Amino acid sequence: MREEAVSVNEVFERYDVGSEVFVRGWIHRIFKVGGKIFAWLRDSSGIVQVVFDKGVLNNVDWESIERLSRESSIGVKGVIREDPRAPGGREILASNVVIYGYAPPFPIRGGEDIEYLLDIRHLWLRSRQMTAILKIRHTILQALKEWLVRNGWWEVTPPILTGSAVEGGSTLFEVKYFDKPAYLSQSAQLYLEVLIYSLDKVWSLTPSFRAEKSRTRRHLSEYWHLEIEGAWYDMEDVMKVAEDMVSYAVRKTLEERRKELEFLGRDVKKLEPALQTPYPRITYDEAIEILRRKGFKIEWGEDYGADEEKALTEEFDRPFFVTHFPKKIKAFYMKEDPNRPEVVLGFDLLAPEGYGEIIGGSQREDSYEKLYNRIIQEGLNPKDYEWYLDLRRYGTVPHSGFGLGTERLTMWVAGLEHIRDAIPFPRWRGRIYP
RNA sequence: GCCGGGGUAGCUCAGCCGGGUAGAGCGCCGGGCUGUUAACCCGGUGGUCGGAGGUUCAAAUCCUCCCCCCGGCGCCA
């Protein structure tokens with residue numbers, strides 16, 4: 001049977017009752033009752049009930065219909081009928097069927113534990129929840145890229161294989177690179193800093209890798225990192241970029257993926273405050289004050305932990321910035337505040353509802369001497385940073401940038417419990433299959 | 001890396017404390033049902049109890065070591 005196929009949602013939205021259509025997809029549920037067989041046919045757009053009635057089918061062996069099971073792939077030609085007993089109020093009365101593939105008993109029926117589901121992730125991804133999340137993820141990525149391109153930012157492609165440790169070192173994945181060791185990139189930042197000298201405003205979307213054996217619901221070993229870097233941007237300029245981009249992504253998701261958000265049970269009202277910019281800004285000093293008021297024992301100079309971060313997010317109904325961190329808890333490349341040498345011009349953007357950090361950024365140190373001294377202070381080898389230091393020797397400029405964890409953003413927008421569901425094939429703690 | 005929980009049938013779990021030769025539900029197979037919505041009813045099928053040692057007449061159960069998974073912390077996006 002060679003027919004022009006229509007999608008499931010078109011059965012409900014485009015065609016009238018009484019039209020004959022050809023739809024194809026996978027059997028989501030199937031019930032055999034009396035003389036009829038009811039199948040829910042799923043494609044990427046939705047689910048529609050198909051009714052197989054022996055008396056209506058043309059030239060089809062009934063036994064081949066009886067053998068159909070969940071996840072069998074079929075094409076069905078038939079007339080659209082209205083019936084209140086069908087999900088969505090419509091069904092297709094099959095007159096012709098093409099069977100592409102039968103399926104053995106499907107291992108997912110509900111109630112399976114997480115380890116098992118992760119082992120059969122390749123099948124789990126067919127679920128409607130996962131499909132909804134993948135669509136939301138698509139829209140968020142699309143929105144972020146769209147915002148950047150429309151606002152004059154150049155997309156660039158930094159390397160994933162790198163020759164030396166950038167920040168710590170212990171959290172890098174080491175790979176063989178011909179006869180030398182190499183590392184999978186943790187961040188494109190240093191390469192983006194190179195490229196602003198020719199393109200001014202650049203961004204990249206790449207996987208970043210962390211070998212840390214994290215044991216939390218907010219960490220992945222491989223995640224999709226959106227990073228930007230802009231010449232002539234100070235910290236406040238780049239924070240504006242961050243809030244405009246994030247609010248745009250939330251707006252677009254609310255406009256285009258409302259159905260999916262609601263299917264996941266996301267309370268969309270909680271996302272609406274995030275449409276309004278500017279986002280609140282507090283300094284690290286103020287964050288410490290708030291935490292002390294809430295009963296936390298924390299000294300100025302300490303980094304706040306997960307519990308503290310969560311408590312902070314409860315103070316706001318939309319994403320908010322924390323700025324001006326103590327120098328000693330932040331990376332060597334962050335620019336020292338000229339008015340307060342003990343803090344740096346760095347910021348985090350934290351999502352509300354306990355989700356926490358989704359962006360980390362800073363104005364970068366642009367003085368050769370200061371950067372060199374920070375490298376020494378951190379116990380790093382300046383030789384490893386020769387090319388990076390060169391950027392400050394040949395026409396240095398003030399510049400800033402940030403990195404956004406796309407799964408973290410997706411997790412908050414979609415209201416997910418665990419970051420592993422914000423990416424189709426999560427990698428962490430040794431999980432590498434499938 | 002640290003703390004806590006767990007690994008028994010294809011899946012979800014009970015049995016373990018007080019050792020006595022492995023059980024339920026679901027699935028699957030067979031039968032029944034003229035409209036199902038995680039369908040329902042009747043019958044049947046199903047196990048190297050995570051691995052290796054040890055104690056014992058006897059170990060899923062007690063002891064030792066190891067492996068794997070989940071949740072939290074640290075680290076971060």
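These numbers were taken from a predicted model, which means no experiment stands behind them. Because only heavy atoms are used, hydrogens play no part in the values below, and waters and symmetry mates are left out as well, while side chains stay in. Chain naming here is simple, since letters A, B, ... match the order of the sequence lines and numbering starts at 1 in each.
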Counting any heavy atom closer than 4.0 Å, what does [X] reach on the DNA or RNA strands: base, sugar-phosphate only, or nothing?
X	result
D303(A)	sugar-phosphate
T406(A)	nothing
E417(A)	nothing
P105(A)	sugar-phosphate
H219(A)	base
R29(A)	sugar-phosphate
E407(A)	nothing
I30(A)	nothing
Y116(A)	sugar-phosphate
W428(A)	sugar-phosphate
R210(A)	base
G110(A)	nothing

Among [options], the one nearest [X] by side-chain distance:
X	options	answer
I114(A)	G10(B), C70(B), U36(B)	C70(B)
D83(A)	U37(B), G35(B), C76(B)	G35(B)
V33(A)	C68(B), G35(B), C73(B)	G35(B)
A86(A)	U36(B), G71(B), C76(B)	U36(B)
R215(A)	G71(B), C76(B), C13(B)	G71(B)
R408(A)	A77(B), C68(B), C73(B)	A77(B)

Just how far, in rounded Å, is [atom2] of [N] from [atom1] of [X]?
X	N	atom1	atom2	result
L118(A)	C68(B)	CG	P	16 Å
H418(A)	C70(B)	NE2	C1'	9 Å
Y433(A)	C69(B)	OH	P	15 Å
D113(A)	C69(B)	CG	C1'	8 Å
F325(A)	C76(B)	CZ	C1'	12 Å
R109(A)	G25(B)	CZ	P	15 Å
E112(A)	G10(B)	CD	P	14 Å
Q49(A)	A39(B)	CD	P	12 Å

[X], [atom1] atom: more than 12 neighbouring heavy atoms under 6.0 Å:
X	atom1	value
K294(A)	NZ	yes
E417(A)	CD	no
W153(A)	CH2	yes

* Does the cation-pi check pass for R67(A) over Y102(A), that is, NZ or CZ under 6.0 Å from the six-membered ring centre and within 45° of its axis? ->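 Yes; both conditions hold, so R67(A) lies above the ring face of Y102(A).
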* Within 45° of the ring axis of F325(A) and under 6.0 Å from its six-membered ring centre, is that where the NZ or CZ of K330(A) lies? ->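 Positive - K330(A) is close enough to the ring of F325(A) and near enough to its axis.
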* Looking just at side-chain N and O atoms, do D244(A) and W147(A) make a donor-acceptor pair shorter than 3.5 Å? ->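 No.
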* Closest-nucleotide 5' rank along RNA chain B - winner of R81(A) and K32(A) ->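 Between the two, 5'-proximity favours R81(A).
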* **Nearest-nucleotide comparison on RNA chain B, the residue closer to the 5′ end among W40(A) and P107(A)** =>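 Taking each residue's closest nucleotide, the earlier one in sequence belongs to P107(A).
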* Are Y223(A) and A77(B) stacked, counting the six-membered base ring, centres under 5.5 Å, planes under 30°? ->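 Aromatic stack with A77(B) present for Y223(A).
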* In the strands shown, is U61(B) matched to any nucleotide by a Watson-Crick or G-U wobble pair with both distances under 3.5 Å, and which? ->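 The base-pairing partner of U61(B), which may sit in any strand shown, does not exist here.
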* Asked: Under 4.0 Å between a side-chain N/O of R217(A) and OP1 or OP2 of G72(B), yes or no?
  ->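 Affirmative; the distance criterion is met.
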